[in-house]
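Numbering of ligands and ligand atoms starts at 1, following listing order. Each residue takes its place number in the sequence, starting with 1.
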Amino acid sequence: MLVLGGAGFVGSHLCDRLIRDGHRVTCVDNFATGSLANIQHLMQTNRFALVQSDIVKPMTFSEKFDQIYNLACPASPPAYQADPIQTIKTSVIGAINVLDLAREHEAVVFQASTSEIYGDPLHHPQHESDWGNVNPIGPRACYDEGKRCAETLFFDYNRVHGVKIRVARIFNTYGPRMAVHDGRVVSNFIVAALQNKPLTVYGAGAQTRSFCYVDDLVEGIVRLTNAPDEVTGPINLGNPEEFTVRDFAELVLGLTGSRSQIIHLPLPTDDPRQRRPDISRAAEQLGWRPTIAVEDGVRRTIAYFDGLLGKVEPAHQPDSATARRTATLRGMSSAI
Ligand SMILES: NC(=O)c1ccc[n+]([C@@H]2O[C@H](COP(=O)([O-])OP(=O)(O)OC[C@H]3O[C@@H](n4cnc5c(N)ncnc54)[C@H](O)[C@@H]3O)[C@@H](O)[C@H]2O)c1
């Protein structure tokens, strides 16, 4: 198995899963946003190999791969907007290199596409038949249009060269190993709440998002990649439970027992108003649906960040419910 972007948040969980399933895994990463800490624990196994490389450059390997998973691309808006030209090169030139490799190896190739290809969606919830509503020249376009072009390339390589493709449109995913400064809403809120710093909500916080726990996503990725060849996707993978950003901030405050305030800033350019996947295709073709409730997944993620950031300074005498909750979280952090 070849995992491109395997030192990132989702990629490292995928490497864990493939190693657990008994495979030999090669991870390629340029460490633009990934970290060695995410895969350090795998370095002891002789079934795991790490190659530091950029997928924008053509790749050659002496061993033969059965499956190639392309997750290499910065995913958080601050990260992908920091170097937009590199982002679009990664998505487009990277996709060509990945597809040429898949063709050479006759491997099944998985592409981590995104709900961002729907842009500011015209239909709700988002179904795979929606063509999207994307601003092609805005600051998010390097990611949205890059991923759209990558999908085009995947389907053209499938039609022209018969490459066995699997394309997933991934919706907001969260969990342990997100970077502290990742910049996405789940980690932003949890890190701020644990430090009793203000939680920043853009606009009134009425925009909606749906949040999928990383283990559920990895299960969907593995099922899709191992599905029959006619199941090419695109296929939505995400949790259809929808929250306003404001309600999600309240949930995080409740689960952390934080004394943080919520502050409001103007909406960023092209911020999508609604996000919820229609997962009927994933249910029908893969028998997949998320199994981890958002509250449960957020608790596990809080425990992870709590372990990273150290003990939360007690802000006030917690009521008994908060004290019980905090005790549970502390108990969980060593198990994750
Ligand atoms: N996490 C989500 O909510 C989400 C949602 C939609 C789509 N996705 C997609 O899933 C994939 C993984 O996302 P993530 O959340 O784990 O992000 P991440 O930033 O944690 O991981 C991306 C990994 O790719 C590596 N990378 C970036 N550019 C590279 C390049 N040119 N060559 C080699 N390696 C490179 C990074 O160093 C990092 O390890 C991305 O393709 C992303 O677009 C993620």
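For atom 8 (N) of ligand 1, the candidate residues are F211, F171, Y143, F31; the nearest heavy-atom contact is made by Y143. The option with the heavy atom closest to atom 1 (N) of ligand 1, from among R209, M59, E116, R184, is R184. In the candidate list C73, S115, A168, C73 is nearest to atom 24 (O) of ligand 1, counting heavy atoms. The closest heavy-atom contact to atom 25 (C) of ligand 1, among the options V98, V185, D29, comes from D29. Distances from atom 12 (C) of ligand 1 to the heavy atoms of L71, I55, N30 show the closest one on L71. The nearest non-hydrogen atom to atom 9 (C) of ligand 1, considering only G175, A112, G8, comes from A112.
Counting only heavy atoms of the protein, atom 41 (O) of ligand 1 lies nearest to K147 NZ, 2.8 Å. Closest to atom 36 (C) of ligand 1, if we only count protein heavy atoms, is T33 OG1, 3.2 Å. Closest protein heavy atom to atom 31 (N) of ligand 1: D54 OD1, 2.8 Å. From the protein, the heavy atom lying nearest to atom 6 (C) of ligand 1 is I170 O, 3.1 Å. The nearest heavy-atom contact from the protein to atom 20 (O) of ligand 1 is F9 N, 2.9 Å. From the protein, the heavy atom lying nearest to atom 17 (O) of ligand 1 is A75 CB, 3.5 Å. T173 N, 2.8 Å is the protein heavy atom nearest to atom 3 (O) of ligand 1. The protein non-hydrogen atom at the shortest distance from atom 16 (O) of ligand 1 is V10 N, 2.8 Å.
Close approach to A7 involves these atoms of ligand 1, each under 4.0 Å from a residue heavy atom: 39 (O). When each atom of ligand 1 is checked for a heavy atom of P74 under 4.0 Å away, the hits are 19 (O), 27 (C), 28 (N). Of all the atoms in ligand 1, the ones that sit under 4.0 Å from a non-hydrogen atom of G34 are 36 (C), 37 (O), 38 (C), 39 (O). Less than 4.0 angstrom separates some heavy atom of S53 from each of these atoms of ligand 1: 32 (N), 33 (C). Below 4.0 Å from some heavy atom of Q86 lie the following atoms of ligand 1, by number and element: 31 (N). The atoms of ligand 1 that sit less than 4.0 Å from any heavy atom of N172 are 3 (O).
Only the backbone of S113 comes within 4.0 Å of ligand 1, judged by heavy-atom distances. In M178, neither the side chain nor the backbone holds a heavy atom less than 4.0 Å from any atom of ligand 1.
A32 counts as a contact of ligand 1, since one of its heavy atoms falls under 4.0 Å from the ligand.
At a cut-off of 3.5 Å, with distance as the only test, a side-chain donor of D216 or T291 sits close to an acceptor on the other residue. R246 and H264 form a side-chain donor-acceptor contact under 3.5 Å, judged by distance and modelled atom types alone.
The number of heavy-atom neighbours closer than 6.0 Å to NZ of K64, taken from other residues, nucleotides and ligands shown, is above 12. Counting heavy atoms of neighbouring residues, nucleotides and ligands inside a 6.0 Å radius, atom CD of E106 does not exceed 12 of them. In the displayed structure, R17 atom CZ is contacted under 6.0 Å by more than 12 heavy atoms of other residues, nucleotides or ligands.
For R209 and F248, the positive end is not near the middle of the six-membered ring at less than 6.0 Å and at most 45° from its axis.
For T90, a nitrogen or oxygen atom sits less than 3.5 Å from a nitrogen or oxygen atom of ligand 1, counting backbone and side chain alike.
Contact detail for A95 and F154: the closest heavy-atom pair is CB-CE1, 4.2 Å. Residue T225 comes nearest to V108 through the heavy atom pair O-CG1, 3.7 Å, listed as atom of the first residue, atom of the second, then distance.
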Take R275 and E116 through the test side chain to side chain contact (heavy atoms under 4.5 Å, CB included) and record every step on the way to the result. CA-CA 9 Å; R275 272 274 180 273; E116 297 298 320; 3.4 Å; yes
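A salt bridge does not link D100 to R103: none of the charged nitrogens lies less than 4.0 Å from a carboxylate oxygen. Salt bridge absent: R148 and D144 never bring a charged side-chain N and a carboxylate O closer than 4.0 Å. Salt bridge R166/D229: present, at least one basic N to carboxylate O contact under 4.0 Å.
By the rule that hydrophobic residues join a cluster once side-chain heavy atoms approach within less than 4.5 Å of another member, F110 and V167 end up as members of separate clusters.
The main-chain N or O of A112 is found under 3.5 Å from a side-chain atom of K147 such that the two form a donor-acceptor pair.
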